[in-house]
Amino acid sequence: MFDIPLSALEVAMVQTGARAADTLRDTAAFAQGLERLGYHRIWYAEHHHSPAIGAFPPVLLTAHAAALTSAIRLGSGGVLAPNHAPLTLAEQFGTLAALHPDRIDLGIGRGPGTFDESIARALRRGAGPTTDAEYENDVSATLSFLVDEVALGPLPEPWLLASSPAGAALAARLGLPVAVAHHIRPDNTQALLERYRAEFTPSRWCERPRVLLCVETVCAETAEEAAWRIGPMDVVKAGLLKGLSEIPFPTPAEAAAHPFTKEERRALAAFRAQQAVGTPEMVIHRLSELIDKTRADELMLTTPVYDLGDRIRSYELIKKYSGATAAS
């Protein structure tokens, strides 16, 4: 049992045999379902040129979900600063915050959102990778434009996404709450948090260190069912281990028949041991351990499973057994 808010990261997986339009329909139903369950916020991730993940702009998914819900917080997790002009981001999320006061988040990240260098260059109009200084300037400019140029009233709540100590140091320097990508680089989590808390400087955005921890989480009535449901994502991860980025999101049956190598199985097992997959008792125990270890203020769960009903059921079981606080 734990008593901190629960939130969700929506990655918008496109299932094998489905259309992107089907995924968009599911994202709307997902937002409505999690609002009914009392989840605190949903964030939408930015991805490009992947057969497994929809290339849906977070600002558009946020706007659509906000129009279909009434209370849950919504936003980007993250919108990738190098791909967008700072003033554009400020105008987009400032407008959303004015339309939906006290419900909009602006989570900012650094990565390109693609493994394809030609797509990354196209997103950046031919520019190369962003330097540390350029990234910091982009984030700072976005925040300044929100206050000084857009100024429509209520502001979105800014967060900085981080998967490394360097990202945490920037969040600390700017006085921003940090969203920790434990679901991507769990080995970096502890060092990241130590640096963030040690170097944090209060700002108008955040008075004290504030930590959201994102964890890959799949909960089902049995451990076998949870393993079955996470199978498709295991196939995608195994492809990434080989340097293959264009891996479709298979069905659970296709995933169960996938010929994993011994090395892949070891790597997947090591990664899963740092996440939370299994029965309600197993998942709650693991999430409680992570909260105790990281002193997180909020948990964000990402649940990349094939079926929408199974995905919502995972969130329902966790909410039922966790004792998590209601949204505020």
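Throughout, numbering of the chain's residues begins at 1 and tracks the sequence.
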What distance do Arg73 atom CZ and Thr62 atom OG1 have between them, rounded to the nearest 0.5 Å? 11.5 Å
Going hydrophobic residue to hydrophobic residue with side-chain gaps under 4.5 angstrom, can you get from Ile312 over to Leu301? yes
One pair to check against side chain to side chain contact (heavy atoms under 4.5 Å, CB included): Arg197 and Val211. What are the steps and the verdict? CA-CA 9 Å; Arg197 290 187 171 115; Val211 172; 3.7 Å; yes
Arg173 backbone acceptor or donor facing Thr201 side chain under 3.5 Å: no
Arg295 side, atom CZ; Ile4 side, atom CD1 - distance, nearest 0.5 Å: 12.5 Å
Same apolar cluster (I L V M F W Y, side chains within < 4.5 Å links), Phe145/Phe93: no
Compute whether any side-chain donor of one residue and acceptor of the other, for Gln274 and Asp187, lie under 3.5 angstrom apart. yes
Shortest non-hydrogen contact from Ala81 toward Tyr135: CB-CE1, 3.9 Å
Going through the distances and angles, do Arg272 and Asp234 end up as a salt bridge (Lys or Arg N to Asp or Glu O under 4.0 Å)? CA-CA 9 Å; Arg272 189 179 299 178; Asp234 284 344; 2.3 Å; yes
Taking every heavy atom of Ala172 against every heavy atom of Tyr196, the minimum-distance pair comes out as CB-O, 3.6 Å
Per the side chain to side chain contact (heavy atoms under 4.5 Å, CB included) rule, which among Leu155, Leu160, Leu174 passes with Trp205? Leu155
When every non-hydrogen atom of Pro250 is compared with those of Pro232, the smallest separation belongs to O-CB, 3.2 Å
Side-chain donor/acceptor of Asn188 to backbone N/O of Ser163, under 3.5 Å: yes
For Thr294 and Gln190, what are the C-alpha separation, side-chain angles and deciding distance, and is it a side chain to side chain contact (heavy atoms under 4.5 Å, CB included)? CA-CA 7 Å; Thr294 64; Gln190 286 305 119; 3.4 Å; yes
Polar side chain donor-acceptor pair, Arg229 to Ser314, under 3.5 angstrom: no
Looking only at atom types and distance, does a side-chain atom of Glu225 sit under 3.5 Å from a main-chain N or O of Thr222, one as donor and one as acceptor? no
Go through the structure and list residues passing side-chain hydrogen bond (donor to acceptor under 3.5 Å, both in side chains) with Glu316, not counting sequence neighbours. Arg313
Side-chain donor/acceptor of Ser140 to backbone N/O of Asn137, under 3.5 Å: no
With rounding to the nearest 0.5 Å, note down the distance linking CD in Glu136 to CG in Leu170. 5.0 Å
Is any side-chain heavy atom of Leu308 less than 4.5 Å from a side-chain heavy atom of Phe30? yes
Got a donor-acceptor contact below 3.5 angstrom from the Ser7 side chain to the Arg41 backbone? yes
So do the side chains of Thr302 and Cys214 get within less than 4.5 Å of each other, counting heavy atoms only? yes
In this structure, CG of Leu317 is separated from SG of Cys219 (nearest 0.5 Å) by 4.5 Å
Could you give the distance from NE2 (His183) to CD (Gln275), rounded to the nearest 0.5 Å? 8.5 Å
Sub-3.5 Å donor-acceptor pair from the side chain of Asp292 to the main-chain atoms of Glu289, do we have one? no
May I ask whether Ile184 and Leu213 are part of the same hydrophobic cluster, defined by side-chain heavy atoms of I, L, V, M, F, W, Y residues being less than 4.5 angstrom apart, directly or through others? no
Starting from Leu60, can I reach Leu106 by hopping between I/L/V/M/F/W/Y residues whose side chains sit under 4.5 Å apart? yes
Given ring-ring contact (aromatic ring centres under 6.0 Å, His included), test Tyr44 with Phe56 step by step and report yes or no. CA-CA 9 Å; Tyr44 301 98; Phe56 309 129; 9.8 Å; no
Shortest non-hydrogen contact from Ala220 toward Pro280: O-CD, 3.2 Å
Stepwise side chain to side chain contact (heavy atoms under 4.5 Å, CB included) test for Leu268 and Arg265: CA-CA 5 Å; Leu268 291 168; Arg265 291 187 184 280; 5.7 Å; no
Do the side chain of Tyr39 and the main chain of Tyr315 share a donor and acceptor less than 3.5 angstrom apart? yes
Taking atom CD of Glu263 as the centre, does the number of heavy atoms from other residues, nucleotides or ligands within less than 6.0 Å exceed 12? yes
Does a donor on one side chain sit under 3.5 Å from an acceptor on the other, for Glu46 and His84? yes
Using distance alone, with no hydrogens and no angle criterion, decide if Trp159 and Asp105 have a side-chain donor and acceptor under 3.5 Å apart. no
Side-chain heavy atoms of Lys237 within contact of Glu216, under 4.5 Å: yes
Within a 6.0 Å radius of atom NE2 on His285, are there more than 12 heavy atoms belonging to other residues, nucleotides or ligands? no
Using a 6.0 Å cut-off, check whether atom CZ of Arg25 has over 12 heavy atoms from anything other than its own residue. yes
According to a hydrophobic-cluster definition based on side-chain heavy atoms being under 4.5 Å apart (Ile, Leu, Val, Met, Phe, Trp, Tyr only), do Leu290 and Tyr321 belong together? yes
Considering all heavy atoms of both residues, which atom of Pro158 and which atom of Leu176 are nearest to each other, and what is their separation? CG-CD2, 3.9 Å
Inter-residue atom distance Ile53.CD1 - Ile247.CD1, 0.5 Å rounding: 12.0 Å
Give a yes or no answer on whether the side chain of Glu35 reaches the backbone of Ile72 with a donor-acceptor pair at less than 3.5 Å. yes
On a heavy-atom basis, the closest approach of Pro5 and Asp297 is CD-O, 3.4 Å
Side chains of Glu264 and Val235: does their closest heavy-atom pair fall under 4.5 Å? no
Stepwise, does the side chain to side chain contact (heavy atoms under 4.5 Å, CB included) test hold for Trp43 with Leu212? CA-CA 12 Å; Trp43 283 355; Leu212 178 152; 4.0 Å; yes
